[in-house]
Novice: 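Sharing a structure here in structure tokens format.
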Amino acid sequence: MSISIQIAQAVAGGIKTLYGQEITADSVQLQETRPEFEGNLTLVVFPYLKMSRKRPEETAQEIGEYLLSEVPHVIAKFNVVKGFLNLTIAPAQWISLLQEIYQQENFGFIPVTEASPLVMIEYSSPNTNKPLHLGHVRNNLLGWALANVMEANGNRVVKTNIVNDRGIHICKSMLAWLRWGNGETPETSGKKGDHLIGDYYVAFDKHYREEVRELMAKGMDEEQAKQEAPLIKEAHEMLVKWEQNDPEVRALWRRMNEWVYAGFDETYKALGVSFDKIYYESDTYLEGKEKVEEGLAKGFFYRRDDGSVWADLTAEGLDEKLLLRSDGTSVYMTQDIGTAKLRFQDYPIDKMIYVVGNEQNYHFQVLSILLDKLGFKWGKDLVHFSYGMVELPNGKMKSREGTVVDADDLIATMITDSRQMSADKVNKLENISEEEAQEIARIVGMGALKYFILKVDARKNMLFNPEESIDFNGNTGPFIQYTYARIRSILRKAKEQGIEIPTELPTTTELSDKEISLIQHLNDFAQAVRQAGSDYNPSCIANYCYDLVKEYNQFYHDFSVLKEENKQKQIVRLALSAAVSKIIKSGLGLLGIEVPERM
RNA sequence: GGUCUGGUAGCUCAGUUGGAUUAGAGCAGCAGCCUUCUAAGCUGCGGGUCAAGGGUUCGAGCCCCUUCCAGAUCACCA
């Protein structure tokens, strides 16, 4: 049983014995003692003054004495400063905690069983008309990390992706390819499929704008010109043909989407993300209509004179929302309802999490209400894991202005930069092959990118500074990975010297304040995992890892493991180092960041 | 205009359910440390009215109210 739980229970017992009041052990809050005071854990007694009807110092003194007599094997001594009761924990307790941390397979994780809640996480959700960019990278990394965190918190997780594979935007690319493509394919051009399609999307836009300009030059106003341009009309015709299942249009659509998927798969693989189940909007968009008709029949929605269907959400403090156009076609909201329906048919979902940018906050507010009305039990409590936009030093990313950061380019740059950065260092390592050096560069480069993005609170808009992201000093992924590699090196050398960590650590060893503080910090990992799960916030894991590494690095400079002459101390320090490396691996693993054995 | 989210060092960000006379990191600047388990590191210095004002209490960067600033959103777009 953990130290703080034992103490919390004893405190609850003490309050009852001393003051005759019932409190739960859960409500007892212990915090780490500030370095300037003596002790390891601190109980703030202010909340109990109303029960004791005594001054803070007196109350703290009484509780302290009670604890000392009740759990002497846990509490070695205590002191009181104002309303703060500082407790010094018996060294043997720290040793056994350390042992628990480094021996447990997944310390701090809650095991997943058949009975665990089933959480579905939707993330990525790309359009199939252009390659992934930096915004998608943030989405994918957050989605993947969140899935890991939810699983570590004892949930069965299904990772899903809704691919927006139909609509006018796809038709634009198709049309441009037919018109100017000369039959170009990924094979003949050597381009990645998603980039190829993206190029034609851009080409369409360019020619389209020209047409609009020409029409405006002839005196047409802008609104009308945008609608009357021949290219856009043709694209609309193509969309109609698609909906009518025109064999030629469908065949081209399938062919081009396949190219895009092949391209996406490469990017996903490089990012290290994957999905358990992929949904396609072309399969789900019709399902939503049925659900809306159903809701209409039940009187949740109403039909206007022009035939369009609406939901009146003014009672919830929102506006009216369109669900079906007057021509009977579905809108974005309708498709999300359809997707929800299919998902619920496929899985007994207890909780649904959508990883989608914060520009859609309103959409998900509405979706939640609609799904609830339509009888989805998880609709009301659906989670919109909303993240902020990625901004660049010179402003926002705008695909039209060409100020986007392409995901594939970014990944490639990160890897080559880290290869260059580590060139001198890696050469110092013995027996390193070119393949291994390249693999290290990949792990470190991706680590830098992932950490840079995940360390920031997801809700906030973040600034992506390309120069800073490849900086490997300070609060960065490589800094943490480097510490891991150094510890692994120590463990290898210890093994060579025949030093092994025994199954039972020596409990009589004395511990320094730094060592105790490090063990406490390791123990906090469990708390960080809980918090990340309840707040849907992977960033606190990243910041936890950084703090831990910072603390270990100071330790690293003050103590040596391999040269320590006291065998018991040596073993404890070795175990401490092993535990730190284990928690780093575990923590970065939750973020989808790999660790190199050497770098 | 309505709704939502943010505002902490020159810059990028932490700050765990409200806790301790002094609010933390990194970058940038300055000064030290590689005969020492990997220096991608460590140590020190300078840098702050936690947007502003009020409130709640033993105690507020954190909770409540008002104001200011920034962003998002409120489409028969997705």
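Just so we're clear, the structure is a prediction, and the values are computed from it rather than from any experiment.
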Novice: Using the C1' atom as the point on both nucleotides, what is the distance between B:U67 and B:C74, in whole Å?
Specialist: 24 Å
Novice: Taking atom P of B:A25 as reference, at what distance in whole Å does atom CG of A:Asn475 sit?
Specialist: 12 Å
Novice: Does B:C68 have a Watson-Crick or wobble partner in any strand here, with both distances under 3.5 angstrom, and which is it?
Specialist: B:G7
Novice: So is A:Arg304 actually on top of A:Trp310's ring, under 6.0 Å and inside 45° of the axis?
Specialist: yes
Novice: Confirm from the modelled atom types if A:Thr42 and B:A20 form a donor-acceptor pair under 3.5 Å, side chain to base only.
Specialist: yes
Novice: Kindly give the atom pairs (protein nitrogen or oxygen, nucleotide nitrogen or oxygen) under 3.5 Å for nucleotides 30-36 of chain B.
Specialist:
none

Novice: Which residue, A:Ile487 or A:Gln335, contacts RNA chain B at a nucleotide closer to its 5' end, judged by nearest heavy atom?
Specialist: A:Ile487
Novice: Polar atom pairs between nucleotides 2-6 of chain B and protein, under 3.5 Å, N or O only, would you list them?
Specialist:
residue, atom, partner, partner atom, Å
B:G6, OP1, A:Arg459, NH1, 2.9

Novice: Could you let me know what B:U73 is paired to, Watson-Crick or G-U wobble, both distances under 3.5 Å, or none if it's on its own?
Specialist: B:G2
Novice: What contact category does A:Ser539 fall into here, base, sugar-phosphate, or nothing, at under 4.0 angstrom with non-hydrogen atoms?
Specialist: nothing
Novice: At under 4.0 Å between heavy atoms, what does A:Gln527 touch on the DNA or RNA strands: base, sugar-phosphate, or nothing?
Specialist: base
Novice: What contact category does A:Gln481 fall into here, base, sugar-phosphate, or nothing, at under 4.0 angstrom with non-hydrogen atoms?
Specialist: nothing
Novice: Now, which nucleotide makes the Watson-Crick or G-U wobble pair with B:C63, with each of the two distances under 3.5 Å?
Specialist: B:G55
Novice: Under 4.0 Å between any heavy atoms, over every strand shown, what does A:Phe559 touch: base, sugar-phosphate, or nothing? Just pick one.
Specialist: base
Novice: Which nucleotide, if any, forms a Watson-Crick or G-U wobble pair with B:A31, using both distances under 3.5 Å?
Specialist: B:U43
Novice: For nucleotides B:C65 and B:A23, find the distance between their C1' atoms and express it as a whole number of Å.
Specialist: 25 Å
Novice: Hey, can you tell me if A:Phe464 and A:Phe452 have their rings parallel, tilted or perpendicular (30° and 60° cut-offs)?
Specialist: perpendicular
Novice: Does the ring of A:Tyr387 carry A:Arg138 above it, NZ/CZ under 6.0 angstrom from centre and within 45° of its axis?
Specialist: no
Novice: Could you give the CG-to-P distance, from A:Asp547 to B:A25, as a whole number of Å?
Specialist: 10 Å
Novice: Taking the C1' atom of each, how far is B:G15 from B:G61, in whole Å?
Specialist: 8 Å
Novice: In whole Å, what separates the C1' atom of B:U21 from that of B:U5?
Specialist: 35 Å
Novice: So, does A:Gln520 use its side chain to make a donor-acceptor pair with the main chain of A:Asn40 at under 3.5 Å?
Specialist: yes
Novice: Counting any heavy atom closer than 4.0 Å, what does A:Asn465 reach on the DNA or RNA strands: base, sugar-phosphate only, or nothing?
Specialist: nothing
Novice: Under 4.0 Å between a side-chain N/O of A:Gln554 and OP1 or OP2 of B:U43, yes or no?
Specialist: yes
Novice: Would the distance check show the side chain of A:Asn161 and the main-chain N or O of A:Ser124 forming a donor-acceptor pair, the cut-off being under 3.5 Å?
Specialist: no
Novice: Looking at the side chain of A:Asp457, which of B:A40, B:A14, B:C58 is the nearest nucleotide?
Specialist: B:A14
Novice: For a quick check of understanding: with a heavy-atom distance under 4.0 Å over all strands, which category does A:Val456 fall into, base, sugar-phosphate or nothing?
Specialist: sugar-phosphate
Novice: Tell me what A:Tyr544 touches on the nucleic acid: a base, only sugar-phosphate, or nothing, going by heavy atoms under 4.0 Å.
Specialist: nothing
Novice: Using a 4.0 Å heavy-atom cut-off, does A:Ala485 contact any base of the nucleic acid, only the sugar-phosphate backbone, or nothing at all?
Specialist: base
Novice: Would you mind reading off the distance between A:Arg34 atom CZ and B:G59 atom C1', rounded to a whole angstrom?
Specialist: 13 Å
Novice: Would you say whether A:Phe84 stacks on B:A20? The test is a distance between ring centres of less than 5.5 Å and an angle between planes of less than 30°.
Specialist: yes
Novice: Ring stacking, A:Phe37 with base of B:A20, under 5.5 Å and under 30°?
Specialist: yes
Novice: Select one nucleotide: of B:G71, B:G26, B:U38, the one nearest the side-chain heavy atoms of A:Tyr546.
Specialist: B:G26
Novice: Do A:Tyr208 and A:Lys226 touch side chain to side chain, with heavy atoms closer than 4.5 Å?
Specialist: yes
Novice: If you measure from the C1' atom in B:A51 to the same atom in B:A70, how many Å do you get, rounded?
Specialist: 11 Å
Novice: Answer yes if the ring centres of A:Tyr354 and A:Tyr123 are under 6.0 angstrom apart, and no otherwise.
Specialist: no
Novice: Please tell me whether A:Ser173 and A:Asn129 have a donor and an acceptor in their side chains that are separated by less than 3.5 angstrom.
Specialist: no
Novice: Of A:Asn127 and A:Phe472, whose nearest nucleotide on RNA chain B comes first from the 5' end?
Specialist: A:Phe472
Novice: Does a side-chain N or O from A:Asn553 land closer than 4.0 Å to OP1 or OP2 of B:C42, or not?
Specialist: yes
Novice: On the nucleotide B:G26, are OP1 or OP2 found under 4.0 Å from the side-chain N or O atoms that A:Lys550 carries?
Specialist: yes
Novice: Roughly how far apart, to the nearest Å, are B:C62 and B:U57 at atom P?
Specialist: 16 Å
Novice: State yes or no: are the ring centers of A:Phe525 and A:Tyr544 separated by less than 6.0 Å?
Specialist: yes
Novice: For the side chain of A:Asn473, counting heavy atoms from C-beta on, which of B:U38, B:A72, B:C27 is nearest?
Specialist: B:C27
Novice: Mind checking if A:Asn86 touches a base, just sugar-phosphate, or nothing, with heavy atoms under 4.0 Å?
Specialist: base
Novice: For the backbone of A:Ser330 and the side chain of A:Thr334, can you confirm whether one donor and one acceptor N or O come within less than 3.5 Å of each other?
Specialist: no
Novice: Without decimals, in angstroms, what is the distance between A:Glu468 CD and B:A28 C1'?
Specialist: 10 Å
Novice: Round to a whole Å and report the spacing from CZ of A:Phe555 to C1' of B:G41.
Specialist: 16 Å
Novice: I'd like to know whether the aromatic ring centres of A:Phe204 and A:Tyr201 sit less than 6.0 Å apart in this structure.
Specialist: no
Novice: Grab the CG-P distance between A:Leu463 and B:G26 for me, whole Å please.
Specialist: 20 Å
Novice: The side chain of A:Asn164 lies closest to which of these nucleotides: B:U12, B:A78, B:C42?
Specialist: B:A78
Novice: Taking CD1 from A:Ile501 and P from B:C37, how many angstroms apart are they, rounded to a whole number?
Specialist: 20 Å
Novice: Using the C1' atom as the reference point in each nucleotide, state the distance between B:C4 and B:C45 in Å, no decimals.
Specialist: 43 Å
Novice: Which part of the nucleic acid, if any, lies within reach of A:Tyr332 when heavy atoms closer than 4.0 Å are counted: base, sugar-phosphate only, or nothing?
Specialist: base
Novice: Is the closest side-chain heavy-atom distance between A:Thr483 and A:Ile584 below 4.5 Å?
Specialist: yes
Novice: Would you say A:Arg325 places a side-chain N or O within less than 4.0 Å of OP1 or OP2 belonging to B:C77?
Specialist: yes
Novice: Under a 4.5 Å cut-off applied to non-hydrogen side-chain atoms, are A:Ile541 and A:Gln531 in contact?
Specialist: no
Novice: Under the 5.5 Å and 30° test, is A:Phe479 stacked on the base of B:A40?
Specialist: no
Novice: Work out how far the P atom of B:G7 is from that of B:C64, and round it to whole angstrom.
Specialist: 14 Å
Novice: Rounded to the Å, how far apart are A:Leu49 CG and B:U57 P?
Specialist: 15 Å
Novice: Looking only at heavy atoms, what is the nearest atom pair of A:Pro131 and A:Phe264, with distance?
Specialist: CA-CE2, 4.2 Å
Novice: Which of the following nucleotides, B:C37, B:U73, B:A40, is nearest to the side chain of A:Glu359?
Specialist: B:U73
Novice: When syn is taken as a glycosidic angle within 90 degrees of 0, is B:C65 syn or anti?
Specialist: anti
Novice: Below 4.0 angstrom from OP1 or OP2 of B:A25, is there any side-chain N or O of A:Lys455?
Specialist: no
